[in-house]
Participant: 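Supplied in structure tokens, the structure appears directly below.
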Amino acid sequence: MPSFHNGAVEIAYLDEGEGDPIVLVHGFASTKNVNWVYPTWVSELKKNGRRVIAFDNRGHGDSTKLYDAAAYDIGTMAGDISALMDHLNIERADIMGYSLGARMTAVLAQSQPERLRSAIFGGIGIGLIEGGGPGANVVAALEAPSLDDVTDPVGRTFRAFADQTRSDRLALAACLRGSRRLMTRDEAAGIAVPVLIAVGTADEIAGSAAALGKIIPGAEVLDIPNRDHMRAVGDKVYKAGVLEFLSHRR
């Protein structure tokens, strides 16, 4: 698997297919494989004539593990996206992030809009600006001796997922502490690239997609029926909606 360095941090990535590039940014405690390869996103996008780039976020998968929360500032993590694009000599791309990956994508869309042809925010709604996403309960769950020691339901969900993906739980706890800065309403309203917001209707973590859609000018909203935060990722409605949205960018 190829990798590159952004400063001292080694980032593992995949680069497959030919055509217009799309960069995929996975969610917290996930990996490029768990979020994008296994649910067939990479193969589906390649079949639709896209060059697909996906990477393991710092602290995740095969990328460098860091234990200082400051290394996971959301702006720094967003910078890993543009650094990978620079490494691959990609000036501009469609970028799709899920959950934490969507927050990273939003920061890049707001700060470096010239790098994005469009942005797809999966698994994040109004939680982008109003307290959404995992918090201190999940940090405690990740640092607990075992899953049996975790009673908080959201904490148990993320701890079980981290154990399933064989993640470095201390690196994830540092990531969660460091990446919690929310986007302001004015920052979100300043996003000027085409945006699709896709959230499961049973997602209790992301917050309302429609509420975020009212803030970002011209944003489209895709409801993923009867899917929660974890199960929306590979949903066929999500995939069909994204392919339709991307078809307008050609």
Side-chain angles (χ1 to χ4, degrees), residues 4 6-7 9-14 21-32 34-36 41 52-61 63-66 69-88 90 92-135 138 167 171-172 174-184 187-188 190-199 205-207 212 216 219 229 233 242:
F4 80 106
N6 186 16
V9 179
E10 185 175 11
I11 302 289
Y13 68 93
L14 63 81
I22 180 167
V23 180
L24 307 179
V25 192
H26 69 73
F28 176 72
S30 192
T31 66
K32 61 184 180 306
V34 170
N35 214 141
W36 306 120
W41 272 107
V52 185
I53 297 102
F55 67 99
D56 286 334
N57 287 331
R58 56 178 59 207
H60 296 70
S63 294
T64 300
K65 309 302 183 296
L66 305 156
Y72 295 98
D73 175 82
I74 193 70
T76 301
M77 295 190 73
D80 290 333
I81 305 173
S82 54
L84 175 55
M85 291 172 65
D86 290 344
H87 173 71
L88 296 174
I90 296 172
R92 195 163 170 258
D94 299 295
I95 302 179
M96 175 163 64
Y98 195 85
S99 195
L100 171 61
R103 295 180 58 225
M104 293 162 60
T105 303
V107 168
L108 194 66
Q110 192 271 330
S111 62
Q112 298 183 54
E114 69 281 359
R115 303 307 300 268
L116 292 86
R117 189 165 71 165
S118 72
I120 301 162
F121 303 159
I124 196 71
I126 197 65
L128 179 70
I129 61 176
E130 292 182 359
V138 176
S167 298
L172 292 184
C175 175
L176 196 49
R177 286 191 172 100
S179 64
R180 288 286 295 161
R181 177 171 62 83
L182 299 176
M183 181 168 277
T184 69
E187 285 171 337
I191 294 175
V193 304
V195 171
L196 175 68
I197 304 164
V199 175
I205 293 172
L212 181 61
I216 299 175
H229 196 69
V233 174
V242 166

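Here the structure is a predicted model, which is why all the values come from computation and not from measurement.
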Participant: Indicate yes or no: at least one non-hydrogen side-chain atom of Phe55 is less than 4.5 angstrom from one of Ser63.
Facilitator: no
Participant: Should Ile74 and Arg180 count as side-chain neighbours, where that means a heavy-atom distance under 4.5 Å?
Facilitator: no
Participant: Take Val242 and Trp41, measure what side-chain contact (heavy atoms from CB on, under 4.5 Å) needs, and give me the verdict at the end.
Facilitator: CA-CA 10 Å; Val242 166; Trp41 272 107; 3.7 Å; yes
Participant: Got a sec, which residues hit ring-ring contact (aromatic ring centres under 6.0 Å, His included) with Tyr98, two or more places apart in sequence or on another chain?
Facilitator: His229
Participant: Given side chains that start at C-beta, do those of Phe121 and Arg103 come closer than 4.5 Å, heavy atoms only?
Facilitator: no
Participant: In a check of side chain to side chain contact (heavy atoms under 4.5 Å, CB included) between Tyr13 and each of Asp56, Val23, Leu88, Asp80, which one passes?
Facilitator: Leu88
Participant: Could I get the full list of side chain to side chain donor-acceptor pair (under 3.5 Å) partners for Asp86, not counting sequence neighbours?
Facilitator: Arg115
Participant: Which atoms form the tightest heavy-atom contact between Ala174 and Leu66, and what is the distance?
Facilitator: CB-O, 4.0 Å
Participant: Can you see which heavy atom on Leu128 is nearest to which on Ala106, and at what distance?
Facilitator: CD1-CB, 3.9 Å
Participant: Report yes or no: does Thr64 contribute a side-chain atom to a donor-acceptor pair with the main-chain N or O of Glu10 at less than 3.5 Å?
Facilitator: yes
Participant: Side chains of Asn57 and Met77: closer than 4.5 Å at any heavy-atom pair?
Facilitator: yes
Participant: State, with a plain yes or no, whether a side-chain heavy atom of Leu100 is found less than 4.5 Å away from one of Tyr72.
Facilitator: no
